[in-house]
Each structure stands twice: as C-alpha cells, then as structure tokens.
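All heavy atoms count here, side chains included; hydrogens, waters and symmetry mates do not. Below, read A as the first sequence line, B as the second, and so on, with proteins coming before strands; counting in each chain starts at 1.
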Amino acid sequence: MLDLKLIRENPDTYKAKIESKLDDPKKIDQILELDVRRRTLIGEVETLKATRNTVTNDIAQKKKNKENADSLIAEMKTVSDRIKELDTELSEAENKINEILLYTPNIPHDSVPVGKSAADNVEVRRWETGTFTKEFKPLDHIELGKKCGILDFERGAKISGSGFPVYVGKGAALERALINFFLDTHTANHGYKEIFPPFVVNEESMKGTGQLPKFAEDMYTIQADGLYLIPTAEVPITNLHRNETFKAEELTVKYCGYSACFRREAGSYGKDTKGFLRVHQFNKVELVKFANPVGSYNELENMVNDVENILKALKVPYRILLLCTGDLSFNAAKCYDIEVWSPAENKYLEASSCSNFQDFQARRANIRFKPDANSKPEYVHTLNGSGLATSRLMVSLLENNQNADGSITIPEVLRHYTRFDVIEPA
RNA sequence: GGAAAAGUGGCAGAGUGGUUGAUCGCGACGGUCUCGAAAACCGUUUUACCAGUAAUGGUAACGGGGGUUCGAAUCCCCCCUUUUCCGCCA
C-alpha cells in the first residue's frame with residue numbers, strides 16, 4: 001500500500017510511476033479528491049464532537065448540582081444525530097480511499113528500466129557453464145520423466161486434476177534432495193534462519209502481503225474456515241512479524257522456508273501447459289528479508305547472489321533479468337528474474353524472482369522498526385525471492401543432465417542427499 | 001463439538017455510566033548526588049488522525065465490530081483470541 005501523505009505531496013510523480021507500471025494514473029486523482037472530502041468531513045465532525053464533549057461535562061455538572069439539564073440534553077441529542085451522519089459519510093470516504101489504495105500497485109524504483117512488456121526486460125548477466133553440448137537431440141522433461149518412471153502427470157490428474165504432478169521413486173527422492181540442499185545451503189552458508197510455516201493462512205495475512213484483495217481468484221480457498229492455501233511461503237513468513245516492531249539492531253532479519261505452493265492459475269489455461277511449466281501445486285524454498293530501508297537494495301543484490309550460488313553448485317545454466325516497469329509485479333518496486341536453461345524447450349524458464357517491495361507490504365502488514373531507542377517507528381523494507389522453486393528447476397536439471405541412453409546424472413552436490421548417482425530408464 | 005473464565009498503556013495490574021488517556025508499581029529516558037556506579041530523590045514517559053511554519057489546539061483509541069445513552073473502559077448483542085475442564089481424534 002502506498003503512503004497517502006506522500007501521494008498528496010507528490011501527485012505528479014506518483015501518476016507517472018503508476019502509468020509506467022501500466023496501471024491507471026486516474027486512481028491518484030480519485031484518491032486526492034476523496035482525501036479532500038475526507039479532511040473536510042473530519043473538520044466538521046470533530047468540531048461537533050468538541051462541543052458535545054464540553055456540553056456533556058456541563059450536563060454532568062448540572063446533574064451534580066441537582067439542576068435541570070433537559071434543554072441541553074435535547075440540544076445534544078440533535079448534535080449527536082448529526083455526528084452519526086457525518087461519521088458515516090466519513091467512513092464511506094475512508095473506505096473508498098482504502099479500497100483504491102489496496103488496488104493500486106507499488107511504484108517502481110528509479111533504477112528500474114521503463115518498458116512495456118517482457119521484451120523490454122534487461123539481461124544483467126549470464127552463466128552458461130554446463131550448457132547442453134551433447135551430440136544427441138535432448139528429450140524434454142516429460143519424456144525423460146516417463147522413460148525413467150519418476151514423474152506421473154496422468155495419475156496426478158486422476159487423483160487431483162491436471163497440474164498436480166506426482167513424483168515417484170527416485171523422482172520423489174530427487175525432489176526431496178533439492179529442497180534439503182536449498183535449505184541447508186541458505187541456512188549454513190547464507191545466514192538465513194529456517195522456518196517451516198503453515199501452508200494455510202487467514203485473510204489478514206493474505207492482505208498483508210498483497211495477494212488480497214486483488215488476486216482473490218488466484219487462490220485456493222477453504223471456505224468453511226475462511227482460510228487460504230498459500231501461493232508461496234512468502235505469505236506466512238512475512239506475516240510472522242505482522243503488527244510488530246523490530247529494534248534497529250535486529251535488522252536485517254533473514255528467513256528461508258520450504259512450503260508447497262498452491263496456485264489456481266485462473267486465466268492462464270492453455271499457456272505453458274506442458275508438464276512442469278505451469279502447475280497448481282509445486283515446491284519452493286522461499287527467502288524473506290526484513291531490512292532497514294537504508295540498505296535494502298544491497299540486500300536485494302545479496303539475495304540474487306544467494307540464489308545464483310545454488311544454481312552454480314548445481315551447474316545449471318542461467319541468466320539474470322532486471323524486469324522493466326511494465327513487467328514488474330503488483331507489489332514490487334524492483335525485481336530480478338533468474339531463468340534457467342531448458343535445452344528441450346530451447347529457452348530460458350523463470351525459476352526465481354527476487355524483489356524489493358520497499359515499504360509496500362510493511363505498510364499493509366504494519367511491520368516497523370525503531371531506528372533508535374527514542375525515535376518513532378518506521379516501516380521496514382521487505383524483500384523476498386525464490387531460492388528456489390523446484391519444478392522449473394527440475395525441468396532444467398533433468399534435461400541438462402540427460403545422457404544418450406536416457407539416463408540422468410545427478411549433480412555431485414546432490415548425491416549426498418539422494419544417495420544415488422544416476423537415474424536409469426525404467 | 002460442549003462448558004467456564006479472561007483479554008486495559010513497554011510489562012504488571014486497578015478501575016462497573018459523568019473532567020479516566022485512564023490510580024499505583026516495574027521498566028525506560030532526563031536530572032540531582034558521586035571520581036564513577038549503585039542506592040536515594042526530582043521530573044518525563046502511548047499512538048493515529050485533523051488544523052498550524054511552529055509553539056500548540058482538537059478528535060479518536062481500554063481484543064474487534066455493532067447497539068443503548070446527552071455522555072461508555074464501565075450496560076447490551078455478535079465475533080476473535082487465550083487459558084482451564086469435558087468429549088473426539090492423533
């Protein structure tokens with residue numbers, strides 16, 4: 001959520017920034033109009049409340065002296081009625097402002113390139129060691145999965161629906177190995193504290209991180225209990241500190257956590273439907289940071305490096321993109337996508353995005369810190385990144401490590417976890 | 001699922017319709033004393049919003065939301081959370 005005061009002070013900047021994010025700058029005008037109305041109403045109603053408060057004291061005094069206060073009471077009755085009316089109008093105006101703000105995206109950081117679509121994203125760097133150079137035509141991950149008997153999309157569709165893959169045998173073990181490898185690396189080498197969060201959260205949490213109200217149709221819901229299946233561990237982990245205030249010296253707080261992720265992917269039917277490319281349930285280890293605004297952009301760069309270390313260790317070719325304003329997600333002020341190479345698709349697949357949300361989520365979720373003992377609390381900056389999602393990484397991993405006979409070589413760093421070196425065709 | 005109790009300022013804990021934003025204590029902060037510290041003593045100590053350059057003034061907030069009343073921390077209704085007991089399940 002954006003800061004109403006800052007909007008009031010710099011309306012033109014905000015309009016331009018919103019427009020660069022391909023959203024409607026008229027929202028800013030609407031907010032400002034409602035804000036004027038709101039402040040007028042506040043002036044009126046608070047004046048009335050002030051008189052009521054003094055007269056009410058007079059009434060109390062008269063009653064104490066056994067004097068008659070009937071006329072004052074009658075007078076205050078009409079004042080109170082008017083107050084009630086104005087309060088209603090006021091809360092209507094405030095609700096409207098809030099509603100618009102909840103649907104208004106974060107504004108991009110100045111270092112974000114202006115652009116209209118994914119085509120305008122800027123490639124920052126590339127790491128190609130391990131690119132597929134073998135002498136045969138690579139199979140795609142679906143064919144490999146079938147050949148080796150490690151992935152079962154058909155039975156997944158039978159028991160749950162399409163987009164719910166089943167991992168079998170060494171496939172399941174490999175999935176588990178990846179998750180453990182990510183968590184161990186981030187906790188042991190990168191200084192994150194591990195969290196194993198609930199996979200289901202309440203509405204407040206979904207609002208706090210910005211999934212609600214705008215993206216309600218993307219969530220799986222548990223209607224009877226008013227709960228939501230999480231689309232990412234970002235939601236429970238960021239909300240751990242909802243309505244809390246950090247001490248400055250506690251920052252940066254760094255968490256990593258595994259969760260299954262549930263996404264309805266409403267409206268994206270027919271797009272990337274093959275195998276793992278777009279699924280309703282997948283596994284992810286998420287990185288979350290609560291940072292002092294002063295250093296938050298350094299923390300973003302560090303987070304990208306943390307993810308890169310994993311890919312380098314796995315010897316998966318990848319590239320880093322800096323997203324342009326038009327491709328930036330609703331919550332983000334700046335975002336890097338990390339894409340892994342799929343030799344069978346002959347393209348890069350998004351496997352991670354690392355974002356700085358600045359105070360956008362912190363304002364919604366009321367997460368603050370005290371710069372020093374005597375100062376007023378300020379909002380922290382929240383950051384998060386996938387470190388990593390297993391499904392698209394699995395695509396790259398299987399395809400890049402396949403051999404001519406259809407077997408798949410396990411990257412060395414994972415063998416300690418899998419306790420096998422190779423997956424043979426079934 | 002059933003029953004009971006509780007939810008007040010950083011913490012602890014008073015307060016059952018009228019100057020109560022809220023006694024007292026602890027903590028924190030500032031000061032006196034001291035070479036320094038402790039102790040003691042004095043003082044300060046919530047947040048949000050509105051108006052104002054500011055000093056300051058005003059409004060609101062006692063788990064959340066409604067209601068009664070001229071007036072609600074205090075009365076009524078609904079919800080949430082916590083604790084305890086019973087049942088059920090692991």
* Distance-only side-chain donor-acceptor flag, A:Y14 / A:E9, under 3.5 Å -> no
Check this one for me: any side-chain N or O of [X] less than 4.0 Å away from OP1 or OP2 of [N]?
X: A:K63; N: B:rG17; result: no
X: A:R8; N: B:rC49; result: no
X: A:R38; N: B:rC49; result: no
X: A:S80; N: B:rU69; result: no

* To do: Nearest 0.5 Å please: distance from the OH atom of A:Y103 over to the CG atom of A:D23.
  =>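 Taking OH in A:Y103 and CG in A:D23, the distance rounds to 12.5 Å.
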* Set of residues satisfying side chain to side chain contact (heavy atoms under 4.5 Å, CB included) with respect to A:E378, sequence neighbours excluded ->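 For A:E378, the residues satisfying side chain to side chain contact (heavy atoms under 4.5 Å, CB included) (neighbours in sequence not counted) are A:F369, A:P371.
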* How would you label the contact of A:I42 with the nucleic acid (heavy atoms, under 4.0 Å): base, sugar-phosphate, or nothing? -> sugar-phosphate
* Asked: So what does A:K64 hit on the nucleic acid, given a heavy-atom distance under 4.0 Å: a base, only sugar-phosphate, or nothing?
  -> nothing
Roughly how far apart, to the nearest Å, are [N] and [M] at atom [atom1]?
N: B:rA38; M: B:rG27; atom1: P; result: 12 Å
N: B:rU16; M: B:rU74; atom1: C1'; result: 5 Å
N: B:rA90; M: B:rA3; atom1: C1'; result: 23 Å
N: B:rU19; M: B:rU56; atom1: P; result: 26 Å
N: B:rC24; M: B:rG15; atom1: P; result: 15 Å

Please list, for nucleotides 9-12 of chain B, all pairs of protein and nucleotide N/O atoms separated by less than 3.5 Å.
none

Distances under 3.5 Å between nitrogen or oxygen atoms of protein and nucleotides 60-63 of chain B:
from   : atom 1 : to    : atom 2 : distance (Å)
B:rA60 : OP2    : A:N53 : ND2    : 3.4

* Asked: So what's B:rC35 paired with, Watson-Crick or G-U wobble, going by both distances under 3.5 Å?
  ->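 Pairing partner: none.
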* Would you please indicate yes or no on a ring centroid separation below 6.0 angstrom for A:F290 and A:F246? => yes
* To do: Step through it carefully: locate the ring centre of A:F330, locate the ring centre of A:F215, and say whether they are under 6.0 Å apart.
  =>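 Yes, ring centres under 6.0 Å apart.
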